[in-house]
Amino acid sequence: MDSSTIFLDAFLNPAVIDRYLPDILKGMVVTVEVALAVVATGIALGLALAALRSFRVRAVNAAIVLFVDVFRALPPLVVILIVYFGLPSVGITLSGFAVLWLVLSLVLAAFAEEIFWSGILSIRKGQWEAARSTGLTFVQTLVWVILPQAVRMTVPPLTNRTIAITKNSALGAVIGVPEILMQAQTAQSFSGNATPLLLGAIAYIVLFVPVVALGRWLETRFAWGRS
Amino acid sequence: MPDSAAMLDVAGLRKRFGTLEVLRGIDLTVRPQELVFVIGPSGSGKSTLLRCCNRLEEPDEGSIRVDGVELLDPRTDINAMRRQIGMVFQSFNLYPHMTVLANITLALRKSLGKSRAEARDIGEAALARVGLADKAGAYPAQLSGGQQQRAAIARAVALEPKIMLFDEPTSALDPELVGSVLAVMRELRGAGMTMVVVSHEMRFAREAADRVVFMDAGAIVEEGPPEQIFGAPRHARTRSFLADFGG
C-alpha cells in the first residue's frame, strides 16, 4: 500500500462511510436542534437582561453583572459537568440535551447581555432626550428608539459570539447527547477507523460555513449610515 | 404669585451640578405667542434653564408652570406635559433607524395613541409646513443638516405643543443652511407659537424676538426688547458680552 492509500483508508474509508454516515446525519439533526434552541433562548435572555439593566436599579444590576461575569469566566464544560453530574444528587435529573441547552443558553445569554448592553450605552444621550421630550415613556423610548439601534450595532459581534458558543454543542459528547461529535466518536470506536471523525468535521463545516456567511451578510446589511 | 396669563412661568429656579450652582434663582415669564430669546456666554446656564423647562434636567428648587400646570409637582404627568412642550436640540437627535415620517409619527402613535393613518396625515402636514414634503421616506442620514433640523422641528410641531423650546437650533449647521431653519422658526412665530430660543443668532434675535434675556453665571442679568438689549444695554456684563460677540 502506498501512502495515499493508507491515508484514504484511515480517513475516507468507503465501507465505514457507508456504514456510519446515517449516524452522522442523525447527529447533525441533533446539533441543529441544540444550536437553534440555544440561540433562541440565549439571545432572548441576553436581550432581556440588557433591557432590565438599563433601568439602573442598583441591586438588580449587581446581580446581572455577577451572573454575566461568572458565566463568561467559567469554561462551559465545567458547568455542563457540574449540572449533569451534580444536580441528580439533589434530586433533579435533567436529560443530557436539556443540560446542554440550559448551560449553553446561559453562557450565550451572559455574552449577549454584555454585547447588547454596550450597544445600549453607545446610543447617544440625545436619542433618549429627543424621545422623552415628545412624551414617550422610558420603556417606549427603550423599545422603539434605543434597542432597535443598539441591536443593529451589535449584529457583527453577536454573530461571532453566537457561532463560537453554539459550536460548544460538541461538548454534548461528554454527557451522551447524540450530536455530531458523539456519533462520530462512537462510530470511530466501533470501526477502529478515523473516517467518522472526518465526516463529523465535514458535518460541522456544512452546518457552520453558511452561518458564518450569513453573519457576514448581516454585517453589511446592518451597516447603515449613522448621522 | 404665579402669573395666570403666562404660558411659561419660572420662579426661583435653582439647579446645582455637584458643587457648581448653574442656576441661581431664575425668574422668567413668557406670555402666549411671545418669542423670547435667551443669550449669554457659554456656561451661563441658558441651556440648563431650557432643559429644566421640560424636566430633561431636574431642578433643585423653584417652580415651573406651563400653561398653569406646575411641572415640578410629583402628581403632574410629565409625559403628558412634555407633549405640550416641543423641544428642538442643537444636534437634531433624529432617530437614524427610521424614515423622516416615522420620526414624526412615533410619538403621535405611541404617546398620543393616534392611528397609523391619522399619524401619517399629521406627519405629512408637519413635513409640508417645514418644506420637506418630498422627504417623508428619506432617512435622516440622507438629509442635509438644515433639513434634519427642520424635520426635528416638524417632529415637535406635529404634537401641537403650546410652547416650543429651541436649544441652539442652528449652532451645528453650516452657515448657508442656517437660513432655512430660521425661516421655519419665523413661520412658526407668524402662526402664533410661543417660543423660547437659546441661540447666538443675534441678527435673528434683533429681527424676530419680542424680548431678549441676557444670562450670565446662572442668573438673568437683564432683559428687555431687542432694541434695548442690543442698542442700549444697561449692564456692563451685557455690553462686554455683546462687544465680544461683535454684535
Side-chain angles (χ1 to χ4, degrees), chain A residues 43-44 46-48 50-51 54-58 112 115-159 215 217-227, chain B residues 47 50-51 53-57 77-98 100 102-113 138-145 147-149 151-161 164-167 172:
Chain A
I43 289 181
L47 184 59
S54 58
F55 286 84
R56 297 179 193 270
V57 179
R58 202 176 290 258
I115 292 171
F116 284 132
W117 177 240
S118 65
I120 290 171
L121 287 185
S122 73
I123 304 300
R124 285 170 308 149
K125 203 167 140 236
Q127 293 287 307
W128 284 98
E129 292 181 346
R132 297 306 304 275
S133 78
T134 60
L136 295 176
T137 64
F138 181 90
V139 173
Q140 285 172 330
T141 303
L142 188 65
V143 169
W144 299 104
V145 176
I146 306 301
L147 287 182
Q149 297 184 57
V151 166
R152 262 170 235 227
M153 255 187 301
T154 54
V155 165
L158 192 63
T159 312
W217 179 78
L218 285 174
E219 214 166 306
T220 42
R221 167 77 180 71
F222 284 117
W224 92 115
R226 281 169 52 73
S227 57
Chain B
S47 276
L50 207 64
R51 292 161 56 82
C53 291
N54 68 354
R55 269 179 64 190
L56 284 181
E57 301 289 353
D77 177 354
I78 187 64
N79 294 320
M81 288 308 293
R82 279 176 177 156
R83 290 196 290 265
Q84 302 173 23
I85 306 167
M87 179 104 181
V88 175
F89 301 86
Q90 180 179 348
S91 49
F92 328 137
N93 298 339
L94 292 173
Y95 316 133
H97 60 300
M98 293 181 185
V100 168
N103 264 272
I104 297 171
T105 55
L106 182 69
L108 289 167
R109 294 177 54 208
K110 304 298 168 191
S111 187
L112 276 179
Y139 284 84
Q142 299 168 310
L143 303 185
S144 74
Q147 291 171 329
Q148 289 191 49
Q149 190 61 296
I153 293 173
R155 176 171 65 184
V157 166
L159 293 163
E160 296 184 359
M164 289 194 51
L165 312 173
F166 291 82
D167 190 5

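Proteins get letters first, then strands, A, B, ... in listed order; numbering begins at 1 in each.
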* Asked: Within a reach of under 6.0 Å around CH2 of A/Trp144, are more than 12 heavy atoms found that belong to other residues, nucleotides or ligands?
  ->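 No, CH2 of A/Trp144 has 12 or fewer neighbouring heavy atoms, counting only those of other groups under 6.0 Å.
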
* So, do A/Arg132 and B/Asn79 sit near enough that their side-chain heavy atoms are less than 4.5 Å apart? ->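 Yes, at least one pair of side-chain atoms sits under 4.5 Å.
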
* Any A/Pro148 side-chain heavy atom under 4.5 Å of B/Met98 side chain ->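 Of all side-chain heavy-atom pairs linking B/Met98 with A/Pro148, none is under 4.5 Å.
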
* So which of B/Val88, B/Leu108, B/Leu112, B/Leu56 has the biggest tally of heavy-atom pairs under 4.5 Å with chain A? ->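 Max contact count across the listed options: B/Leu56.
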
* Asked: Non-hydrogen atoms of chain B under 4.5 Å away: do they reach the side chain of A/Glu129, the backbone, both or neither?
  ->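 It is both, since atoms from each part get that close.
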
Any idea which heavy atoms bring [X] and [Y] closest together, and the distance?
X	Y	answer
A/Gly135	B/Arg83	CA-CG, 3.9 Å
A/Ala130	B/Phe89	CA-CE1, 3.6 Å
B/Ser111	A/Gln140	N-NE2, 4.4 Å

Sort [X] into side chain, backbone, both or neither according to what part of it lies under 4.5 angstrom from a heavy atom of chain A.
X	result
B/Ile85	backbone
B/Tyr95	both
B/Arg55	neither

* Nearest 0.5 Å please: distance from the OG1 atom of A/Thr141 over to the NZ atom of B/Lys110. =>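 Rounded to the nearest 0.5 Å, the OG1-NZ separation comes to 12.5 Å.
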
* Check whether any side-chain N or O of A/Thr134 sits under 3.5 Å from a backbone N or O of B/Ala107 as a donor-acceptor pair, and report yes or no. =>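 Flag not set: sc A/Thr134 to bb B/Ala107 has no pair under 3.5 Å.
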
